[in-house]
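Here's the structure we're looking at; comments come further down.
Note: hydrogens, waters and symmetry copies are ignored here, and every other heavy atom, side chains too, is used. Keep in mind the model is a prediction, meaning the values are calculated, not measured.
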Amino acid sequence: MPTDSTSRPAIVVLCGSTRFWEQFTEAALYETAAGRIVLAPGCNLRTPHALWSTPDRAARMKAMLDTLHLRKIDLADDVLVVNPGGYIGDSTRREIEYARSLGKEIRYTHTVPGSDRA
């Protein structure tokens, strides 16, 4: 948390599967209440929308969103992985590895099976 009005609050980026959209909302609430700037997925491709209504549109949108999320990781001070039940899919795993390559701190909302991370 900033110590004075001129300090920039920490920036956290939320990563994880959008199947946990409600949990993203909850995590964003708690991170915001802790005084952090929250960057999160802005689209849930699991919910029907005209922007990704065809397979071709959906594929283009997913590719663009994947790249955009990496740029959010670039901006963030740390990463919070939203992983109910310890679930981490392939896309999230790639984001975690990318964040690690940049030296970002990585936190998890739930314990990761087979590790002591939580």
**Asked** With a cut-off of under 6.0 Å to the ring centre and 45° to the axis, is Arg19 in cation-pi contact with Tyr87?
**Response** yes
**Prompt:** Does a donor on one side chain sit under 3.5 Å from an acceptor on the other, for Thr54 and Arg57?
**Reply:** no
**Request:** State yes or no: do Leu102 and Val13 share one hydrophobic cluster built from I, L, V, M, F, W and Y residues joined by side-chain heavy-atom distances below 4.5 Å, directly or via other members?
**Result:** yes
**Message:** How close do Val79 and Ala99 get, counting heavy atoms only, and between which atoms?
**Reply:** CG2-CB, 3.7 Å
**For the student: nearest non-hydrogen atoms of Thr18 and Cys43, plus distance** = CG2-O, 4.0 Å
**Request:** Taking all non-hydrogen atoms of both residues into account, name the closest pair between Pro9 and Gly35 and its distance.
**Result:** CB-O, 3.2 Å
**Request:** Mind listing the closest non-hydrogen atom pair of Asn83 and Thr111 along with its distance?
**Result:** ND2-O, 4.2 Å
Acceptor/donor pairs from residues 58-76 side chains to any protein atom, 3.5 angstrom cut, sequence neighbours excluded:
from, atom 1, to, atom 2, distance (Å)
Arg60, NH1, Asp56, OD2, 2.2
Lys62, NZ, Asp66, OD1, 3.2
Lys62, NZ, Asp66, OD2, 3.0
Thr67, OG1, Ala63, O, 3.3
His69, NE2, Leu14, O, 3.1
Arg71, NE, Asp74, OD2, 2.7
Arg71, NH2, Asp74, OD2, 3.2
Arg71, NH2, Tyr98, OH, 3.1
Lys72, NZ, Ala40, O, 2.6
Asp74, OD1, Tyr98, OH, 2.5

**Request:** Hey, could you give me the CD/OG1 distance between Gln23 and Thr25, rounded to the nearest 0.5 Å?
**Result:** 8.5 Å
**Fill in**
Here the pair of heavy atoms bringing Leu51 nearest to His49 is N-ND1, 2.9 Å
**Message:** Under a 3.5 Å distance rule, please check whether Thr92 uses its side chain to pair with a backbone N or O of Ile88 as donor and acceptor.
**Reply:** no
**Message:** With a 4.0 Å cut-off on N to O distance, would you call Arg100 and Glu97 a salt bridge?
**Reply:** yes
**Asked** Are Val81 and Ile11 connected in a single hydrophobic cluster, I mean Ile/Leu/Val/Met/Phe/Trp/Tyr linked by side-chain heavy atoms less than 4.5 Å apart?
**Response** yes
**Fill in**
Contacts of Glu31 meeting side chain to side chain donor-acceptor pair (under 3.5 Å) (sequence neighbours excluded), chain-then-number -> Arg36, Arg107
**Fill in**
Closest non-hydrogen atoms of Val82 and Thr109, given as atom of the first, atom of the second and distance, are CA-OG1, 3.5 Å
**Asked** Hey, is the main chain of Thr47 close enough, under 3.5 Å, to the side chain of Trp52 for a donor-acceptor pair?
**Response** yes
**Prompt:** If we only count heavy atoms from C-beta on, is the Val12 to Ile37 side-chain gap below 4.5 Å?
**Reply:** no
**Request:** First locate atom CG of Asn44, then atom CZ of Phe24, and finally report the distance between them rounded to the nearest 0.5 Å.
**Result:** 9.0 Å
**Asked** Could you give the distance from CZ (Phe20) to CZ (Arg46), rounded to the nearest 0.5 Å?
**Response** 8.5 Å
**Item:** Side-chain touch Arg8/Asp77, heavy atoms, less than 4.5 angstrom
**Value:** yes
